[in-house]
Amino acid sequence: MLLSRLARVSQEIAATSARSRKIALLAELFRDAEADDVPVVIPYLAGRLPQGRIGVGWKTLSRPVAPAERATLTVRAVDTLIGRLAEVSGPGSQAGRTLLLEELLGAATEDEQRFLLGLLSGEIRQGALDAVAAEGLARATGAPPAEVRRAVMLAGSLQAVAGALLADGPDALERFRLTVGHPVLPMLAHSAPSVAGAVEKLGAAAVEEKLDGIRVQVHRDGDTVRVHTRTLDDITDRLPEVTAAARALRGERFILDGEVVSFDEEGRPRSFQETAGRVGSRTDVAAAARKVPVSPVFFDALSVDGRDLLDLPFAERHAELARLVPEPMRVRRTVVSGPDDLDAAEDFLAETLRRGHEGVVVKGLDAPYSAGRRGASWLKVKPVHTLDLVVLAAEWGSGRRTGRLSNLHLGARTADGGFAMLGKTFKGMTDAVLAWQTERLRELAVDESGYVVTVRPELVVEIAYDGLQRSTRYPAGVTLRFARLVRYREDKRPDEADTVETLLAAHPEVRP
DNA sequence: TTCCGACAGTGGGGTCGCAAT
DNA sequence: ATTGCGACCCCACTATCGGAA
C-alpha cells in the first residue's frame, strides 16, 4: 500500500468531526490493506510507530526537507527506513538520524511529509487514535467492537489484536486472555470534588489511601517476576525491592496492581519527585536504591493461581488480595456502607492527609476491573488549593487554539514589589474565556513580537493547584503542581494578589 | 429529548540518560 | 563539565459525538 493513501485518509479523518465517519474511513482502509501491510498500517493510523518512540522529537524534525514531486513511497518502505532510524545509537547518532530522516522526508510528497511529521512527533491530530482505530478494525473484520476492545486491553496493544484478527478472523479474539507475564492496561480513576460526592455516587465503597508514586503491575510466575508501569513499560530491572517482595509472598502465580513509593526513616512518604527520580534511575540501580529505597503497596489482584479475577466484584478481588498480601504491603483502607456512613470516610481522608499522602480513591465494591478504562467506579479525591496570581505573559496556542492566547505565565508578588513567576497553565479555559483573554491580554501587551506575549502585570487570576514542588527553573525555587485556571478576578488589583511568602508558609513541607 | 460516558486534544513540571558542545 | 533533547513519570480540564436513559 502506498503511503499517500494513508496520508489522504488521515486528512479526511481530520476533516470530519463525526466519529462514525472516522470509523468508516478507517475500516475501509484496513480492509484494503494486504496482510504484510497490516502490522504497519494499523499502528500508523492509530498515530503511533510499531517501534514505539525512536528518539526523534520536535527539534530533530524542525529542519525542512524539500518534498518529492510524486508519491512513490510504500508503507513497507517507510517502515524499513524508520526501523533503521530506530537502530541508530552511539556517538554520531544525531548526524546519522538526520541523514536517514532527510532520505525519508525527501522521498515524500508534501502531504506525505505532513503525515510523517505528525507520526514521528507523536502528534497526528486527526481526532482518532487507539479507540477509534479499534472500532475501525472491528468494522473491517466483522468482529464485535466490545470484544475487540477487550482483546486490546488484554494484549496491551492494538497491533497484536489487529494481526490476529486479520489473519484468522473474529475467532482469533479468543486467544487473548489474561495471562501471567503479559501486562494488561491498568484501570484508571476519575476525579471527584469531595468524598461526600464520591460516596453519594457509589454507595457502599472502599475508601483507600492514594499514594503519590509510580503505578506498577507486578506479575509473578514461580521465580520469574516482571514489573510494568502504567504504559506497560518493563521496569523490573530498576526495582529489585519489588521483585524481592513479590517472591516473598505466599502465592506462586499472580498479577497484582499497586503503587511504588518511597518512605523516609520516619515512615512518611518522600516527595513524588524523589520517588520518580529513583524509579527513573537505570545506570546504577544499587546506589539509587540505597539512597531512595522503594516499597510496593498493592490495592488489587487481577489474577491468582491461574484464575482470572477481572470480572469479579472489587470486594471479592480484594479478599483474594488480602489472602495473598500481608497488611503493610497493602494500601490502607476503610469500608463505608454508603452516604449514611460519611463521617468514617471523611475521617479516613483526614487521617490519610495527616500521614502525608495525596488523598483517597473511593471504589465501588461491586465493580469489575475495567482494564484500560477510566472506570466510573474509581473516584479520586484530593484537596485543592487556590491562589490569586497575576498574569505576566501568555503564549500563542496551537491546534484548535491557534490564534488564541492560551498558556498563561503566572506570578506571585515578591517582597520588593515585583512578581516571581511560579509556572504556567493552559487548563480550565473554555472557548469563551480563551477568546476573552486573547483580546484583553493584547490590550495589555508590551511585547507581541514572539510566541510569548509579555503583558503589563494587571490581570488577577484565581488558580487551583494540587501542591507545591521544588523547582530549579523558577526564581522562587518552587512551582505549582497541576496549576489550572478557576476564573479571572477582575474585582482584584494585582497588589492584592498572593505573595511568595504566604505560598511558602502554606506548604511548610516544601523548602526551596 | 436530554443526559452522560468515552475520547481526543492541549499542553504543564520534573528527572534521567545520552549525545553534542 | 555543561547543555539540550527526548522519553516517560505524574497529570487537569474542555469540547464533542453518539448511545443510554
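As a basis for the values below, the full set of heavy atoms in this structure was taken, side chains included, without hydrogen atoms, waters or symmetry mates.
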Colleague: For the pair A/Glu135 and A/Arg149, find out whether any cationic side-chain nitrogen is under 4.0 Å from an anionic carboxylate oxygen.
Modeller: yes

Colleague: When you check the phosphate oxygens OP1 and OP2 of C/dC10, does a side-chain N or O of A/Lys210 lie under 4.0 Å from one of them?
Modeller: no

Colleague: What does A/Ser17 touch in the nucleic acid at a heavy-atom separation under 4.0 angstrom: a base, only the sugar-phosphate, or nothing?
Modeller: sugar-phosphate

Colleague: Establish, yes or no, whether the cationic atom of A/Lys363 lies under 6.0 Å from the six-membered ring centre of A/Phe299 and within 45° of the ring axis.
Modeller: yes

Colleague: Validate the cation-pi geometry between A/Arg481 and A/Phe272: distance from NZ or CZ to the six-membered ring centre under 6.0 Å, angle to the ring axis within 45°.
Modeller: yes

Colleague: Ignoring backbone atoms, test whether A/Arg53 places a side-chain nitrogen or oxygen under 4.0 Å from the OP1 or OP2 oxygen of C/dA7.
Modeller: yes

Colleague: When you measure from the side-chain N and O atoms of A/Arg125 to the phosphate of B/dT10, is any distance below 4.0 Å, counting only OP1 and OP2?
Modeller: yes

Colleague: Which of the following nucleotides, B/dC7, B/dA20, B/dC16, is nearest to the side chain of A/Arg19?
Modeller: B/dC7

Colleague: Classify A/Glu123 by what it touches in the nucleic acid, base, sugar-phosphate, or nothing, heavy-atom distance under 4.0 Å.
Modeller: nothing

Colleague: Which one, C/dC10, B/dA19, B/dT10, comes nearest to the side chain of A/Gln94?
Modeller: B/dA19

Colleague: What nucleotide, of B/dA19, B/dA8, B/dG13, holds the atom closest to the side chain of A/Lys424?
Modeller: B/dG13

Colleague: State whether A/Arg473 places a side-chain N or O below 4.0 Å from either non-bridging phosphate oxygen (OP1 or OP2) of B/dG14.
Modeller: yes

Colleague: Between the side chains of A/Arg413 and A/Asp498, is the shortest nitrogen-to-carboxylate-oxygen separation below 4.0 Å, so that they form an ion pair?
Modeller: no

Colleague: Does A/Val216 or A/Arg400 map to a spot on DNA chain C nearer the 5' end, using the closest nucleotide for each?
Modeller: A/Val216

Colleague: Let's test this: given Watson-Crick or G-U wobble pairing with both distances under 3.5 Å, identify the partner of C/dC17.
Modeller: B/dG5

Colleague: Within the structure shown, what part of the strands sits under 4.0 Å from A/Lys382 by heavy-atom distance: base, sugar-phosphate, or nothing?
Modeller: sugar-phosphate

Colleague: Can you check whether A/Ser398 has a side-chain N or O nearer than 4.0 Å to OP1 or OP2 of B/dT10?
Modeller: no

Colleague: Return the 5'-most residue of the pair A/Thr231, A/Gly57 with respect to DNA chain C, ranking by each residue's nearest nucleotide.
Modeller: A/Gly57

Colleague: For C/dG6, does either OP1 or OP2 sit under 4.0 Å from a side-chain N or O belonging to A/Thr60?
Modeller: yes

Colleague: Check this one for me: any side-chain N or O of A/Arg230 less than 4.0 Å away from OP1 or OP2 of C/dC10?
Modeller: yes

Colleague: Applying a 4.0 Å non-hydrogen cut-off, can you work out what A/Asp212 is touching in the nucleic acid: base, sugar-phosphate, or nothing?
Modeller: nothing

